[in-house]
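As the structure is a computational prediction, the values presented were derived from the model and not from experiment.
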Amino acid sequence: MSIKTKIFHAAIIITSMAAITVSANDWPNWHGPDRANKSKEAGLLKQWPKEGPKLLWTASGLGEGYSGAVTSGGVVYSAGMKNKKNYVYAFGTGGKLLWETAISGPVWDGSTASWARQYTGSRATPTVSGEMVYHLTDAGMLAALDAKNGAQKWSVSLREAYGAEMPMYGYSESPLVAGNRLYAAAYGKKAGVVCLDKNTGKAIWESAPLDGNAGYVSFVMSEAGGMKQIIGFASEYVYGMDSETGKVLWTGAVKNSHGLHCTDVTLHPGHVFVSSGYGFGSQLLKFGQSGKDITVSQVYKTDLMDNHHGGVILHNGHIYGSGHKSDGWFCLDVMTGKQKWKAAGKGAVTFADGMLYIYEEKGQMRLVKAEPGAFAETGSFQVPDGGKGPFWAHPAVSHGVLYLRHADKLYAYDVKAR
């Protein structure tokens, strides 16, 4: 193929990407459009054939890591680490690689937690907003890339800019973008959380340093208490922060045996559901007000479903997820914490069209009804081994396709009903 032909084909790819419009069924960031981890799609399979849904394509060459997939405008994005560099990838029709971009800076090598060196690789999942893709590497380099061609627009090292130490297990946050603002937790001596202009990377505000060490969660946006706030974790507490100023509005104690929290909060009207592993369990907090201040009070706490890092789903007043020390899959009444059912297993979960998509740590994929009456499985299959490490990446469903990552490979399955 001549150089002119290569340039022509590249131009077609870029032009076609630019022409695709964003759809309501896109999954543009970690846990979906509103971070509730629920697809809005309908018309999906309610039962899988014995061999599982059809495998549409497999993309290889992602390297090590646990980044999931996000979709926007017909393109699938993910991240990984190879040759001691962090990469962001864009895939088109049939899993064809459109571009890959190496983000400058070091990688997390496990030196801060030597027992976890076998789990190196990307932690966060990219965020797509408008014409840009944002990614925070395991070593704290936050970068903005052109969604069409992967060109890097700006980057900032959270560790260098804000005097932060490397978190024990590396940075794991998937950046939150709202409007023209990007939120990220540096957990540094100069600032705890920063709000940046998503177009330039320049700081809009920098919060005061936070007590404790880094959490391993991603921010969720809430308007509880009549104020737009971002909710996240430090090592011993959950907190709400004014999205306009960076002021901490409230905190709630969340202590476990390791000081590690890996599950994002889940919002319920007037409440926030908190779950964490290492023996903490789950609790429901209720928002209130004292004068102009937002308060939180505990509705209940339970040892059940101490979610490790697989996420939870809220649907029709019930919480679904797996436990850590309280081993198994659970369904709890969100307002009481009462157990509705329990089943064996552990892993990550997402939701689409009334069903739970359960991705277990040893690679079994299960389809289960999101209903409190019983654990009702309607299909399962074994995901191929994509390389070393457990199956920890979270699943995603977008445009009738189930995306599953394991190590070096990304798999796309057809789950659309015909």
Side-chain angles (χ1 to χ4, degrees), residues 30 60-69 78-89 100-126 135-143 157-160 163-175 184-188 212-218 233-235 256-263 276-279 306-311 322 324-325 327 346-348 359-363 383-394 404-410:
W30 167 252
S60 301
L62 280 74
E64 300 176 48
Y66 307 96
S67 295
S78 193
M81 186 267 284
K82 59 184 180 182
N83 303 320
K84 295 185 178 181
K85 292 182 180 180
N86 283 293
Y87 283 82
V88 175
Y89 307 98
E100 62 177 34
T101 296
I103 298 175
S104 61
V107 298
W108 179 76
D109 60 4
S111 60
T112 52
S114 58
W115 52 88
R117 285 178 180 168
Q118 59 185 315
Y119 306 129
T120 54
S122 60
R123 266 81 174 117
T125 295
H135 185 61
L136 179 63
T137 72
D138 52 6
M141 183 65 73
L142 180 61
S157 169
L158 297 185
R159 293 175 60 209
E160 293 180 5
E165 296 181 1
M166 179 77 82
M168 184 180 295
Y169 293 98
Y171 283 87
S172 304
E173 176 189 359
S174 301
Y187 291 101
N213 300 317
Y216 298 90
V217 302
S218 299
F233 277 91
S235 53
N256 62 26
S257 61
H258 285 53
L260 299 175
H261 306 294
C262 310
T263 301
S276 186
Y278 303 100
D306 53 331
N307 194 257
H308 195 190
H309 46 61
S322 65
H324 186 196
K325 290 186 176 181
D327 185 45
K346 180 176 182 285
Y359 191 24
E360 300 208 320
E361 291 188 322
K362 293 184 179 180
V383 179
D385 192 336
K388 73 173 187 177
F391 293 72
W392 279 349
H394 287 212
L404 300 173
R405 163 80 179 277
H406 182 237
D408 187 61
K409 299 186 185 300
L410 178 64

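Side-chain contact between Asn213 and Tyr187: absent, with no pair of heavy atoms (C-beta onward) separated by less than 4.5 Å. Contact annotation: the side chain of Met141 never approaches that of Leu136 to less than 4.5 Å [non-hydrogen atoms, C-beta and beyond]. At a threshold of 4.5 Å between non-hydrogen side-chain atoms, the residues His261 and Tyr216 do not count as touching. Residues Arg159 and Met166 form a side-chain contact, since some pair of their non-hydrogen atoms from C-beta on lies under 4.5 Å apart.
Of the possible polar contacts, none joining the Thr137 side chain to the Asn86 backbone as a donor-acceptor pair under 3.5 Å is found. Within the 3.5 Å criterion, the main-chain N or O of His309 finds a donor-acceptor partner in the side chain of His394. Within the 3.5 Å criterion, the main-chain N or O of Tyr169 finds a donor-acceptor partner in the side chain of Arg123. Panel note: side chain Ser322, backbone Gly347; a donor-acceptor pair is recorded below 3.5 Å.
When all heavy atoms of Gly61 and Asp408 are compared, the pair lying nearest together is N-OD2, 3.0 Å. Residues Ala186 and Tyr171 share a closest heavy-atom pair of O-OH, 3.1 Å. Heavy atoms only, all atoms of each residue included: Ser78 and Arg405 are closest at OG-NH1, 3.4 Å. Of all heavy-atom pairs between Leu158 and Ala164, the closest is O-CB, 4.1 Å. Counting all heavy atoms, side chain and backbone alike, Ala348 lies closest to Ala393 at CB-O, 4.2 Å. In terms of heavy atoms, Ser122 sits closest to Gly80 at OG-CA, 3.5 Å.
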(request) Carefully, step by step, assess Tyr119 and Trp392 under the rule ring-ring contact (aromatic ring centres under 6.0 Å, His included). (result) CA-CA 10 Å; Tyr119 306 129; Trp392 279 349; 4.8 Å; yes

(request) Go through the steps to decide whether Lys85 and Glu100 satisfy the test salt bridge (Lys or Arg N to Asp or Glu O under 4.0 Å), and finish with yes or no. (result) CA-CA 12 Å; Lys85 292 182 180 180; Glu100 62 177 34; over 6 Å; no

(request) Go through Thr101 and Tyr87 one step at a time and tell me if the side chain to side chain contact (heavy atoms under 4.5 Å, CB included) criterion holds. (result) CA-CA 5 Å; Thr101 296; Tyr87 283 82; 5.9 Å; no

(message) I'd like to know whether Ser67 forms a side chain to side chain contact (heavy atoms under 4.5 Å, CB included) with His135, so could you lay out the CA-CA distance, the side-chain angles of the two residues, the decisive distance to 0.1 Å, and finally the verdict.
(response) CA-CA 10 Å; Ser67 295; His135 185 61; 4.3 Å; yes

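Results of the side chain to side chain donor-acceptor pair (under 3.5 Å) test with Ser276 over Thr263, Asn256, Asp306 single out Asn256 as the only residue that passes.
Counted within 6.0 Å of NZ on Lys362, heavy atoms from surrounding residues, nucleotides or ligands total 12 or fewer; the atom is thus considered open.
Atoms OG1 and OH, from Thr120 and Tyr66 in turn, are 7.0 Å apart once rounded to the nearest 0.5 Å. Once rounded to the nearest 0.5 Å, the distance linking NZ of Lys409 with CG of Leu404 reads 14.5 Å.
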For residues 102-109, which side-chain N or O atoms pair as donor and acceptor with protein atoms under 3.5 Å away, sequence neighbours left out?
unit_1: Trp108; atom_1: NE1; unit_2: Thr112; atom_2: OG1; d: 2.8
unit_1: Trp108; atom_1: NE1; unit_2: Met168; atom_2: O; d: 3.3
unit_1: Asp109; atom_1: OD1; unit_2: Ser111; atom_2: N; d: 2.9
unit_1: Asp109; atom_1: OD1; unit_2: Ser111; atom_2: OG; d: 2.7

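Salt-bridge annotation for Lys84 and Glu64: absent, with no side-chain N of the basic residue lying under 4.0 Å from a carboxylate O of the acidic one.
Using the six-membered ring where Trp is involved, His406 and Phe391 have ring planes that are parallel, under 30° apart on the 30 and 60° scheme.
Not counting sequence neighbours, the partners of His308 by the side-chain hydrogen bond (donor to acceptor under 3.5 Å, both in side chains) test are Tyr278, Lys346.
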